[in-house]
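Predicted model only: the values in this text are computed from it and were never measured. Throughout, a chain's letter reflects where its sequence line sits, starting with A, and its residues are numbered from 1.
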Amino acid sequence: MKAPLSWILEHVDVPAGTTTEHLTDRLTLTGLKLEAVESPGREITGPLVIGRVLTMEPEPQKNGKTINWCTVDVGDANGTGEPQGIVCGAHNFAPGDLVVTVLPGGVLPGGFEIGARKTYGHMSAGMICSARELGLGDDHDGIIVLPADAGEPGQDVRPVLGLDEETIELEINPDRAYALSIRGIAREVLVSVEGASGFRDPAVRDTPAANADGHPVTVEDPEGCPVFVARTVTGFDPTAKTPDHVVQRITAAGMRPISLAVDITNYVMLETGRPIHGYDADTVSGPIVVRRARDGETLTTLDGTTRELDPADLVVTDDSGIIGLGGVMGGETTEMSATTTSILVEAAHWDAASMYRTGRRHKITSEAGKRNERGVDPTICEAAADRVVELLVEHGGGRAEPGVTVVGTPPTAPVVEVPGDLAARVSGMPITEEQAVACLRAVGCEVSGSGTLSVTPPPWRPDLTDAQDFSEEVVRLVGYDRVPSVLPTPPSGRGLTRAQQLRRRIGRTLAGEGFVEVVSFPFVGISDLDALGLADDDPRRDLLQLSNPLSNEAGFMTSTLLPGLLRAAGRNIGHGNADVAIFETGTVTLPRHAGPAAILPVDRRPTDDEFAALDAALPAQPLHLGLVAAGDAVSGGWWGDARPVSWADAVEAVRSVAAALGLEVAASAAELAPWHPGRCAELTVDGEVVGHAGELHPTVCQAFGLPKRSVAAEVDLDVLIGRAVHLRAAPTFSTYPVAKEDVALVVDASVPAADVEAALREGAGELLESIRLFDVYTGDQVGEGRKSLAYALRLRAFDRTLKEGEAAAARDAAVALAAERTGAVQRA
Amino acid sequence: MSGPNTDYDPVEVTPLKADQVEAMREAALAAIAAAPDLDALKQVRLDHTGDRSPLALANREIGALPPQARKEAGQRVGQARGAVNQALAARQTVLEAEHEERMLVEETVDVSLPTTRRRRGSRHPITLQSELIADLFVAMGYEVSEGPVVEAEWLNFDALNLGPDHPARTMQDTFWTEPAEDHVVLRTQTSPVQARTMLTRKPPIYVVCPGRVFRTDEYDATHSPMFHQVEGLVVDEGITMAHLKGTLDHFASQLFGDGITTRFRPSYFPFTEPSAEVDVLCFVCRNVDPSTCRTCRGEGWIEWGGCGVVNPRVLVACGVDPEVYSGFAFGMGIDRSFMFRHDLEDLRPLFEGDVRFSSAFGSEI
């Protein structure tokens, strides 16, 4: 809310010498936060004075223009008392007029420095100003001619033009709708600024009593529209101009001047907080009826939009049909225009929730709607309408018709029981009941009783409904800055959960492995999944759709971390970071299509079943780990050649993570997008699939701007963490000498090394301490389609030194089982 | 092999003269001393202690001496050989040490060579800051609560006293999901975790919940559709705003430095009442002549977050008896805190994934 300070101070007195800074500091500390202080003349510096035109001589120029060579009396402002010679291009003035004169040394908005300069054959020492040159609007028809009584030549003209008028902009929270008015802000000044007094309520005035002569109004939905006041002004001059001070004030408040009638309704809304609607009375036919809209009805609102109405919308109708969306926006057919001479003034109170819903439904935000949906004082409709009528008559030369229509009565707020010590208990401050009562009365509440106070909130505070609401009023007036600082003493905590600890461990492990953590947005589009090459029936294509995404290219919650990671990797490559290894941990969204998440009651705890059903209705959101690497894993240098990343780096990274959790991962061949069909590992822990890793499909690399042979992995961390080994038994190991046996086995190239190793392990039996594949050979010596796997076996017993024969026997048994299971032949 | 020369006539044997033995010894010692390296010493050993060395030959001849001469000759030769062997051993030690030293010198490398063969990894600074904040509270006895980011509308709004027609719903531009009748949103705040916590555990409750939240803000230097918040919730008997102030003052001093405190300004959040905006004292200028301070833009204070006393309506909806318990809650932007703590003007590098950004922070902030 932007509010001219002078307007506020018309309604409340502050002690002499109160600075704007002090006043706004106090408002900020009691809850109306200062956003900015503006004044129209803040960019103008130097001498800007009243001048009286003494002479003006028109001088036609070669370029066709006629300039006026003027002498202007600027009093002593120029230091000499002599008339100032000024060239002026405007013609809308005459000798004797008072004009706005900027003298050399002055600076106008935009940093426009004024000096004495030779122009059109004269030394022009200054400038006679137009409104636009002073930053006071776009009016450039000519220079400003001041009223004859504006002041004496040489006087500073700023106060005359309102250039030093300060406007304060306050942030108004949704519960403080009353502060969306000069009335509300003045009241806040009264309770916030020490020594403030003399509040003059613009909504308290003598209003004519309701009678039967006003425009007939029927309200069919008194809940939606509890109060409807109608007044009529006739004989209004549609050409009458809006007075300057009204234009200045509504402009300063951020509204655009339109016409006298509209400006006045806006002026009164700003002053009282009560939105007013004006109809061109001659276009309203027959009685006004307020009701809810019916299916299929439409209305063209005065912004020119034709809207299909909802049965929950409140509408204003006459014999012609719907003429307005009540409290939100008027209709086009009854809009006040440049020929309107009769005005029907509506001041109605509307149900705030209906206003909110209608505004959202039709996507209308307006100054009126903003106030109506937050709650307006229902008791001031008559006063506000009367104030509008008064101003229309005063400035538009109209006649106030004696008919006054008032339908309905303002709703009254119920009395709330508030414990007298609640504010003290809530705040931890020693606030006495007397203090609390005084604060509540200061904000307009009626208070009676003691111990438990019976409090009636003032009608402009529909937000005060709960005991706690009143305690907040007390605490903010006592002062948030006086709340003491006391540390509570929590019971002994249990620290991080194991899952939380393990997640940190996983991050540290990957950082140790050379991966850099990134954070991406979880939004994807279908084209991203296409770029990954996902099959049509890939379950990752089942996505949660956003109703209102920021971009249609990313309209879904992702089911995989890979698109974000691949994009980030691509950006790195694009930025010249050729060797990149990144990871991300984050939840993915996997719809369960389990029906609606119920809107449960809020006046009680949901049952355990209700709460469980709520959770079950949400998509599954497992925590995933994704990683991508491209370029070199080990860079080249004086130590040797570079080693490019390979599929094995992706698998190894997952194995490192698993090892950090005490788990072992098994890898087996799989075909899954976006991986290379021959270089993709399905990763399992004890037979449960945890994810995939390997080299990316070349077309995927290309799609995301990555070099060929880039690698990636994605695993479900919830599964891994769920399986993490917690209490590990201490190891025992043999101190007898180790026996080493090497075997080289030739198998079909298609036989997984893991199968050979498993057979060797099982065949070797319990003497086997460890097994390591130390060489893989393919080539002429083993023949086409075959490969040789060379293993180093370490054998040891717990209770004795092995005899040579024992180790050899174990090796032979291992080889025999490998031969049986995998067709392995021991290499000669 | 030569045995004792018992066949010789002892009279004919040249007696082992003392000066001859002495000369052999001197020659050997001189050769040892002169041996420049281990190879040379090896040759010296052969020449002076080998089977054909003069002292070995002399020793062999002792047996041929008349018995009365043997003892003296034996002693003389024995002493000489002992001295030579001793000298050899000593020289060997010296030369070995010299050799080793030379070898080490020869093996000298340029240790200033770059050693960065492997990439250096790092964690995301927001992760690190979230953990840092969680740790501050865990140290006070709090626990860390969590909840889903795709959340039930009821938990994100209704349970927090944000009814369907509450104007504050429009303050948080919400991502809604399809189908609309499922009432599922991307959480706009970490506050639904508060509700979940109260629904799943009994007071006393002392928790913080860091996490990702979503608003339909266009992505620019200071707005992001996804950002991070940390929410705190305490529900216990006798909890007041003073406890909230004390906790946030402590939090501020831990995160920004000793003596950094907070300031409350009245505000409005449906889930708390009284509600306050929290400002933190500028940790750069400390509100001493703030006019030139970039960090707080001349304010002396920095907007940090929101907080308040938990609205009893929220307690009721979450099954906590407001007659027995009261609580406080607070919420701060982690990204925002990070930005002013680390002098970051544009938040976008946080979400772009350029490895140079995270790498600059390493694994600790």
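- The side-chain heavy atoms of Ser358(B) and Val516(A), taken from C-beta on, include a pair separated by under 4.5 Å.
- Residues Lys33(A) and Glu277(B) are not paired through a salt bridge, judged by the lack of any N-O separation under 4.0 Å between the basic side chain and the carboxylate.
- Only the side chain of Leu186(B) comes within contact range of chain A, judged by heavy atoms closer than 4.5 Å.
- For Leu113(B), the parts sitting under 4.5 Å from any heavy atom of chain A are the backbone and the side chain alike.
- Contact count against chain B (heavy-atom pairs under 4.5 Å) is highest for Pro490(A) among Pro490(A), Pro596(A), Gly31(A).
- Atom OG of Ser275(B) sits about 7.5 Å away from atom CG of Asp175(A), to the nearest 0.5 Å.
- Using a distance-only test at 3.5 Å, with no hydrogens or angles considered, a donor-acceptor pair links the side chain of Ser547(A) to the main chain of Trp176(B).
- When each of His243(B), Lys245(B), Glu273(B), Arg313(B) is checked for heavy-atom pairs under 4.5 Å with chain A, Glu273(B) comes out on top.
- Ring geometry for Phe351(B) against Phe521(A) counts as tilted: the plane angle lies between 30° and 60°, on a 0 to 90° scale.
- For the pair Gly595(A) and Asp182(B), the tightest heavy-atom approach, listed with the atom from each and the gap, is C-OD1, 3.5 Å.
- For Glu178(B) (side chain) and Leu544(A) (main-chain N/O), no donor-acceptor pair under 3.5 Å exists by modelled atom type.
- Checking side-chain atoms of Asn548(A) against main-chain N and O of Thr174(B) turns up a donor-acceptor pair under 3.5 Å.
- Here Arg212(B) contributes atom CZ and Thr587(A) contributes atom OG1; the two are 7.0 Å apart, rounded to the nearest 0.5 Å.
- Taken to the nearest 0.5 Å, the CZ atom of Phe214(B) stands 11.0 Å off from the CG atom of Leu550(A).
- With respect to the salt-bridge test (charged N to carboxylate O, under 4.0 angstrom), the residues Asp135(B) and Arg504(A) qualify.
- Within the 4.5 Å cutoff, side-chain heavy atoms of Gln621(A) are placed close to those of Pro148(B).
- Between His124(B) and Glu584(A), the closest side-chain pair of non-hydrogen atoms is not below 4.5 Å.
- Glu517(A) and Thr127(B) form a side-chain donor-acceptor contact under 3.5 Å, judged by distance and modelled atom types alone.
- A search for salt bridge (Lys or Arg N to Asp or Glu O under 4.0 Å) contacts involving Arg118(B) returns nothing, not counting sequence neighbours.
- Phe175(B) and Phe523(A) have tilted rings, their planes meeting at an angle from 30° to 60° on a 0 to 90° scale.
- Neither the backbone nor the side chain of Ala180(B) comes within less than 4.5 Å of any heavy atom of chain A.
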Chi angles and distances behind the side chain to side chain contact (heavy atoms under 4.5 Å, CB included) call for Thr177(B), Gln545(A)
CA-CA 6 Å; Thr177(B) 70; Gln545(A) 186 173 3; over 6 Å; no

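- For the pair Pro488(A) and Asp236(B), the minimum side-chain heavy-atom distance is 4.5 Å or more.
- Here OG of Ser485(A) is found 12.0 Å from CE of Met241(B). Values are rounded to the nearest 0.5 Å.
- Among Ser492(A), Ala511(A), Ser354(A), Gly428(A), the residue with the largest count of heavy-atom pairs under 4.5 Å with chain B is Ala511(A).
- Between Asp615(A) and Arg196(B) there is a salt bridge, with a side-chain nitrogen of the basic residue lying less than 4.0 Å from a carboxylate oxygen of the acidic one.
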**Q.** Audit row: Arg503(A), Glu146(B), salt bridge (Lys or Arg N to Asp or Glu O under 4.0 Å) steps and yes/no
**A.** CA-CA 13 Å; Arg503(A) 269 179 249 148; Glu146(B) 288 154 358; 2.9 Å; yes

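- Under the rule for a salt bridge (Lys or Arg N to Asp or Glu O under 4.0 Å), Asp217(B) has no partner lying at least two apart in sequence or in another chain.
- The shortest side-chain heavy-atom distance between Arg123(B) and Leu510(A) does not fall under the 4.5 Å cut-off.
- Under the 4.5 Å side-chain criterion, counting only non-hydrogen atoms from C-beta, Pro606(A) is in contact with Leu199(B).
- Atom CG of Asp220(B) has more than 12 neighbouring heavy atoms from other residues, nucleotides or ligands inside a 6.0 Å radius.
- Counting heavy-atom pairs under 4.5 Å between each of Pro601(A), Gly636(A), Ala423(A) and chain B puts Pro601(A) at the top.
- Not a single donor-acceptor pair under 3.5 Å links the side chain of Asp481(A) to the backbone N or O of Arg263(B).
- Between Val316(B) and Arg604(A), the closest side-chain pair of non-hydrogen atoms is not below 4.5 Å.
- Note that the OH atom of Tyr480(A) and the CZ atom of Arg265(B) stand 11.0 Å from one another [nearest 0.5 Å].
- The stretch residues 465-474 of chain A places Thr465(A), Asp466(A), Gln468(A), Asp469(A), Ser471(A), Glu472(A) near chain B, each with some heavy atom under 4.5 Å from a heavy atom of that chain.
- Taking the charged nitrogens against the carboxylate oxygens, Arg567(A) and Glu352(B) have no contact shorter than 4.0 Å, which rules out a salt bridge.
- For the set Leu546(A), Val483(A), Ile599(A), Thr30(A), the entry with the most heavy-atom pairs within less than 4.5 Å of chain B is Ile599(A).
- Comparing Ala352(A), Pro522(A), Pro591(A) by how many heavy-atom pairs each has under 4.5 Å with chain B, the most go to Pro522(A).
- With a 6.0 Å cutoff to the six-membered ring centre and a 45° limit on the axis angle, Arg176(A) does not count as a cation-pi contact of Tyr268(B).
- Taking a 6.0 Å sphere around CZ of Arg201(B), one finds it holds more than 12 heavy atoms contributed by other residues, nucleotides or ligands.
- Looking only at distances, a side-chain donor or acceptor of Trp638(A) sits under 3.5 Å from a matching main-chain atom of Pro114(B).
- Residues passing the side chain to side chain contact (heavy atoms under 4.5 Å, CB included) test with Pro192(B) are Glu151(B), Leu155(B), Asn156(B), Leu160(B), Arg187(B), Gln189(B), sequence neighbours excluded.
- The candidate from Arg571(A), Arg476(A), Arg643(A) with the greatest count of non-hydrogen atom pairs under 4.5 Å with chain B is Arg571(A).
- Looking only at side-chain heavy atoms (C-beta outward), Phe515(A) and Ser122(B) stay at 4.5 Å or farther from each other.
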